[in-house]
Protein chains: 2
Amino acid sequence: MTAGAPEGYDPHAFAPFAVTVDLAVFTVRASRLHVLLVERGEEPYKGHWALPGGFLLPRESADLAARRELAEETGLGQDTVRGLHLEQLRTYSEPDRDPRMRVVSVAYAALLPDLPEPRGGGDAVRAKWWDAGTVGVLAFDHERILADAYDRIGAKLEYTCLATAFCPAEFTLGELQQVYETVWGVELDRPNFRRKVLNVPGFVQAVEGPPRRTGGRGKPAALYRAGAATTLHPPLLRPEGRTE
Amino acid sequence: MTAGAPEGYDPHAFAPFAVTVDLAVFTVRASRLHVLLVERGEEPYKGHWALPGGFLLPRESADLAARRELAEETGLGQDTVRGLHLEQLRTYSEPDRDPRMRVVSVAYAALLPDLPEPRGGGDAVRAKWWDAGTVGVLAFDHERILADAYDRIGAKLEYTCLATAFCPAEFTLGELQQVYETVWGVELDRPNFRRKVLNVPGFVQAVEGPPRRTGGRGKPAALYRAGAATTLHPPLLRPEGRTE
DNA sequence: CAAATAGTGTCTGTCAGACATTATTGG
DNA sequence: CCAATAATGTCTGACAGACACTATTTG
């Protein structure tokens, strides 16, 4: 900022802002993208579904608040949550986005491997995974946030290693391909997908031992871990240039 | 957010958050990337240089506040500022980033064509364009914000039309190439750059009339305007995969 | 063996970088 | 004519999509 607060500024005299985080938590289950929603137990929007989130504590960064809320809503351990990739999306600050007062919200996207149903802790009545294509009307401006999150995730798959965040620690290339196909809503050619993934240095790393795993009936697939890279060179561009 | 504010929440009883915007305003002049900085006239960090910015007004979105501050610092008209591309970078919320109180700041990047020296209005002692490679120690966490902004701009040039925001309304392909070379710090092959730019539908649009403009001594160059597209298909990837 | 999934090999058109060449201006 | 900049053309190697084929498992 350029200067001090307005003339004679006193934090308690000025109309204060509340600051919250909102989370778009995604997972891939049954070849469909799912998002974690909570049912609101209080006004406003009581009974509506909303993105999980909540207020920043007085000495907490938005990043920490997001991880705390994520742990509360999913039942994941603090240590698990600490290592997860949280992607800060953007901040929503329209004056009337919350009817009660002035609330500025920092939105995050989180990517999880498939998990059991959330235990629905925290303040929410209950939490549930929804098919991302069929969520209805959400509270506040959360539909907008969810749409922005979806766009961002799809774009980030092209040039970052984010897709591995949807997979368990060890995964097959088929599972990784499923993530791309599900998020992008396209079908990819398996041999070409394989070639491109293995050509990106540091994207995936073969798990040494002969351990393999079956995915139903066919030949067992080799296992991989996420590699050291964070960005993809070259990127995996999605087909047909449909980024609009 | 999932639920109402904490038990018995009253906006004035709770430790309030102040919300500000900070702007990384870039331009290309003399083949160097420059950033607009202001000298602080008050404590803390009195005498230090900082990114322009300021507090949100009670009923103002961060986006509007950023445009207002930009107009104040650069002397650009309200109408000019309204049409500019402002890129929201991310939000900085570490509890101690401002020694006075809890300040959450929404950072923006703005790209301008080369402009005269700013008139240095607003609260700042003075405002000045600095070579982006030689800025010293900045106030608050503004060095971090500036570095993040620089990274984002470089990446966005690859897959969006952002580069045209650095150019005047009508520009030559040579000028556009200068933008890429300056921000990325590389030299590009002119014929190939030309071919790729013209191959992207909607990136640039030839200005019809035979009007041309000279850049010193050689052959006058054809003029172009920014096209209708916002994203580049295919993208203009920077050479040597140096995105780390 | 048939079905299903994993993995390899090959062909071909497109496009990238590299660079030669022509065009148009001022001095 | 020379220097400087703009614009066009060409060559070649790398890589993308498409797809045929082999490998390994279960029923």
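Throughout, protein chains are lettered first and strands after them, A, B, ... in sequence-line order, and every chain is numbered starting at 1. Quick caveat: nothing in here was measured; it's all calculated off a predicted structure.
- Under the 30°/60° scheme for interplanar angles, the aromatic rings of Phe140(A) and His142(A) are found to be tilted.
- Atom pair Asp189(A):CG and dC11(C):P shows a separation of 17 Å (rounding to whole Å applied).
- Listed nucleotides: dT8(D), dT8(C), dT25(C). Nearest to the side chain of Pro220(B): dT25(C).
- Regarding contacts with the backbone of dT26(D), every side-chain N or O of Lys219(A) stays at 4.0 angstrom or more from both OP1 and OP2.
- The side chain of Arg194(A) sits closest to dG7(C) out of dT25(D), dC19(C), dG7(C).
- The separation between Leu237(B) atom CG and dA14(D) atom P is 18 Å, rounded to whole Å.
- Listed candidates were dG9(C), dA7(D), dT24(D). Nearest to the side chain of Ala221(B) is dA7(D).
- As rounded to whole Å, 14 Å separates atom P of dA16(D) from atom CD of Glu158(A).
- Across the interface with DNA chain D, nearest-nucleotide mapping of Pro235(A) and Gly174(B) shows Gly174(B) to be the residue nearer the 5′ end.
- Of the candidates Leu51(A), Leu86(A), Leu36(A), Leu37(A), Leu36(A) is the only one forming a side chain to side chain contact (heavy atoms under 4.5 Å, CB included) with Val25(A).
- Between Phe193(A) and Tyr180(A), the gap from one ring centroid to the other is short of 6.0 Å.
- Contact check, Arg217(B) against dA3(D): no side-chain N or O comes under 4.0 Å of OP1 or OP2.
- Applying the 4.0 Å criterion to OP1 and OP2 of dG7(C), one finds that Arg190(A) has every side-chain N and O outside that range.
- Between Asp148(A) and Arg152(A) there is no salt bridge, since none of the side-chain N atoms of the basic residue sits less than 4.0 Å from a carboxylate O of the acidic one.
- Separating the CD atom of Glu187(A) from the P atom of dG17(D) is a distance of 15 Å, rounded to the nearest angstrom.
- Rounded to whole Å, the distance from CD on Gln178(B) to P on dT5(D) is 11 Å.
- When each of Glu73(B), Arg126(B), Lys128(B) is tested with Val38(B) by the rule side chain to side chain contact (heavy atoms under 4.5 Å, CB included), just one qualifies, namely Glu73(B).
- dC15(C) atom P lies 12 Å from atom NZ of Lys196(B), rounded to whole Å.
- The side chain of Asn192(B) lies closest to dA18(C), out of dA6(C), dA18(C), dA16(C).
- In this structure, the CG atom of Leu223(B) is 14 Å from the C1' atom of dA7(D), given to the nearest Å.
- Side chain Arg195(B) to base dG9(D): no donor-acceptor pair is found below 3.5 Å.
- Atom C1' of nucleotide dG17(C) and atom CG of Asn199(B) are separated by 14 Å, given to the nearest angstrom.
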